[in-house]
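Every heavy atom of this structure was used, including side-chain atoms; hydrogens, water molecules and symmetry mates were not. Just so we're on the same page: letters track the sequence lines, and every chain starts at 1. These numbers come from a predicted model, not from an experiment.
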Number of protein chains: 2
Amino acid sequence: MTTDTNLKKRISESTIHRLSMYFRTLSLLEKEGFDTVSSKELAKREKLTPAQVRKDLSFFGSFGTRGLGYDVGELKGKIAEILGINRVWRIAVVGIGNIGSALVSYKEFTRQGFHIVKLFDNDQRKIGSNHKGITVSDIQNLEKEIRDANIEMVILTVPATVAQYMVDDVVRAGVKAILNFAPINLKVPPDVYLRNENMSMELEYLSFAIMNNHTPKNVR
Amino acid sequence: MTTDTNLKKRISESTIHRLSMYFRTLSLLEKEGFDTVSSKELAKREKLTPAQVRKDLSFFGSFGTRGLGYDVGELKGKIAEILGINRVWRIAVVGIGNIGSALVSYKEFTRQGFHIVKLFDNDQRKIGSNHKGITVSDIQNLEKEIRDANIEMVILTVPATVAQYMVDDVVRAGVKAILNFAPINLKVPPDVYLRNENMSMELEYLSFAIMNNHTPKNVR
DNA sequence: AATTACATGTGAATTGCTTCACAAGAAATA
DNA sequence: TATTTCTTGTGAAGCAATTCACATGTAATT
C-alpha cells in the first residue's frame, strides 16, 4: 500500500461536495463558451473564497496554469475522474411510490451518469407496470435481478417501516452504495456506503434560521 | 439587543442538522415507550459521540438530569421549540412536475409541521388540476396568492432555466425562506434564506466513496 | 443516612477545516 | 528580450468544531 492511496482517505466530505458543485458550474461555464476560469471566478459563483477552491483541487493535483487559471473542459474532466462520474453507474430504485417514481424521471441523474435501469416494488398493482421504459420487478426477486443486472447503487424510497428489511436484501445482493430516503437510521455492514437524503432537515434548518435570525445564510 | 440573542448566531449548521436528527429519534423513542434517554444511547443511534450530543444541547440550555438522562417527551418538545417546528408552517410548491407533485404527498413534511397549502405551475394543462385536495394556481398570480395565503416558505421544483425568474417572483411576494431543487446557483437578497437540495450530490459522494475507499462511512 | 452508580454540563485540549500570504511561474505587453 | 500583470499552489496561521475529562449532581441501593 502506497502513501498516495492513504492520502485519499483524508479528504473531507465538504471537499467532495464542493467538487460536485464545481463540476456543475464548469458544465455551465462550458455551455456559456468559457475556455478558462480562475479560482476567483469559480469561487464567486459558489459563494466561496478563491483559496478554498484552490485548496480543494490541490488535494488531487495541480490542474491550473499560473497567471491564466484553469482550462474549463480539462478541469471538468479531472473532477469527473476524481468523483468517479466519468462513467455510467447502474442504479436500481427500490420502492416506486411518489418519490421513487419521480426520481425515475429526474434528468439530472442521467446527466451525471447515474442511470436508473431497474425498479422494484412489493405492490402487485405496480409490479409489471412501466416507468420511462422500465418494468417494475417484484421485490421478491430483488437479489437475483440486482446481481444479473450488475446494479452497483440502490436508491431506497420505501416506507420507514420496511426500509431495514429492504436494505438487508440489497446488501445481500452485493450492493455497496445505498442512498436512503426513508426517515430512519439504517444499519449496514462496514463495507457498505450509506447516505441519507433527509428533505425535512432542510426545511427545519430554514425554520430555525427564520426564528433565530441565523447568520450563515444562502449556504449549500 | 441582549447578548443572549447574539449567542444564537454562533450555532453551527451541523448542530442544527443534528438537532433535526435527535428530534426524529426522540419521536421514535417515544413511540417505543421510553421515558428517558441518555446522551450515550442517543449518540449510539445517531452514530455520534455522547459528548457531541451533550455539547449540541448545551448551546440552548440544560435539559437533562444528572445520573438519569433526558426526559424523552420534554427534550423532544424543547428541540421542537429550538427548531421552530412546534407550530405549522405554510408552504407553497412552485413547479408541479415529477418532484414537485411527489413532495405534495410526502407525509414526513406534514408530520414535522410543514403544511403544503398552495401549488403553482405555468402549464395550462396543470393549472386547475387537483393534487391531494389542492388546486394548482397559475404562476401569473403567484405574488398576490402567496401574500393572501400567508405563505412563509416556498419549495422550488421548476427547471433550472426558469428558477431565477421564479425566485425573483417569490422574493417579491415577501417570502423569506426558499428550498430550491433546481441544480443551479440562485441569487437572493441578503434577508432571504435559500437552501439547495441537490440529490445528485449524494450519489456523487457515493461514487467517490466506492472509487476511493473513502473512510468516513455511513454518515449523515 | 451513607454509599454507590450513573450521567450531565462544560472548560480545556485536540483535531480538522478554512483563510492568509507569498513565492513561483506563465502569459501578455512593450 | 525585459517587464509587467496575473493567478496558481501551498506552508503557516487562524478559526471552528469535536472530543476529552472531570467536577457536579441525582437516583438507586443498602
### Task
Would you kindly give the CG-to-P distance between Asp56(B) and dA16(D), to the nearest whole Å?
17 Å
### Message
Just checking His214(A) against Tyr193(B), ring centres under 6.0 Å apart?
### Response
no
### Task
Find the distance between CZ (Arg195(A)) and CD1 (Ile155(A)) and round it off to the nearest 0.5 Å.
14.0 Å
### Query
Rounded to the Å, how far apart are Leu42(B) CG and dT8(C) C1'?
13 Å
### Summary
With sugar-phosphate taken as primed atoms, P, OP1 and OP2 and all else as base, the protein-contact string of nucleotides 5-14 of chain D at under 4.0 Å (heavy atoms; B, S, -) is -BBBBBBB--
### Message
Using 30° and 60° as the class boundaries, would you call the ring planes of Tyr106(B) and Phe109(B) parallel, tilted or perpendicular?
### Response
perpendicular
### Query
Any side-chain donor-acceptor pair under 3.5 Å between Gln112(B) and Ser200(A)?
no
### Query
How long is the line joining CZ of Phe60(B) and P of dG9(C), in whole Å?
14 Å
### Message
Can you tell me which residue among Arg147(A), Lys176(A), Lys118(A), Arg87(A) is in a salt bridge (charged side-chain N to carboxylate O under 4.0 Å, His left out) with Glu152(A)?
### Response
Arg87(A)
### Message
Rounded to whole Å, how long is the line connecting atom NE2 of His17(B) with atom C1' of dA16(D)?
### Response
17 Å
### Query
How many Å lie between CZ on Phe59(B) and P on dG11(C), as a whole number?
11 Å
### Message
Suppose we screen for side chain to side chain donor-acceptor pair (under 3.5 Å). Which residues come up paired with Arg172(B), at least two apart in sequence or across chains?
### Response
Asp169(B)
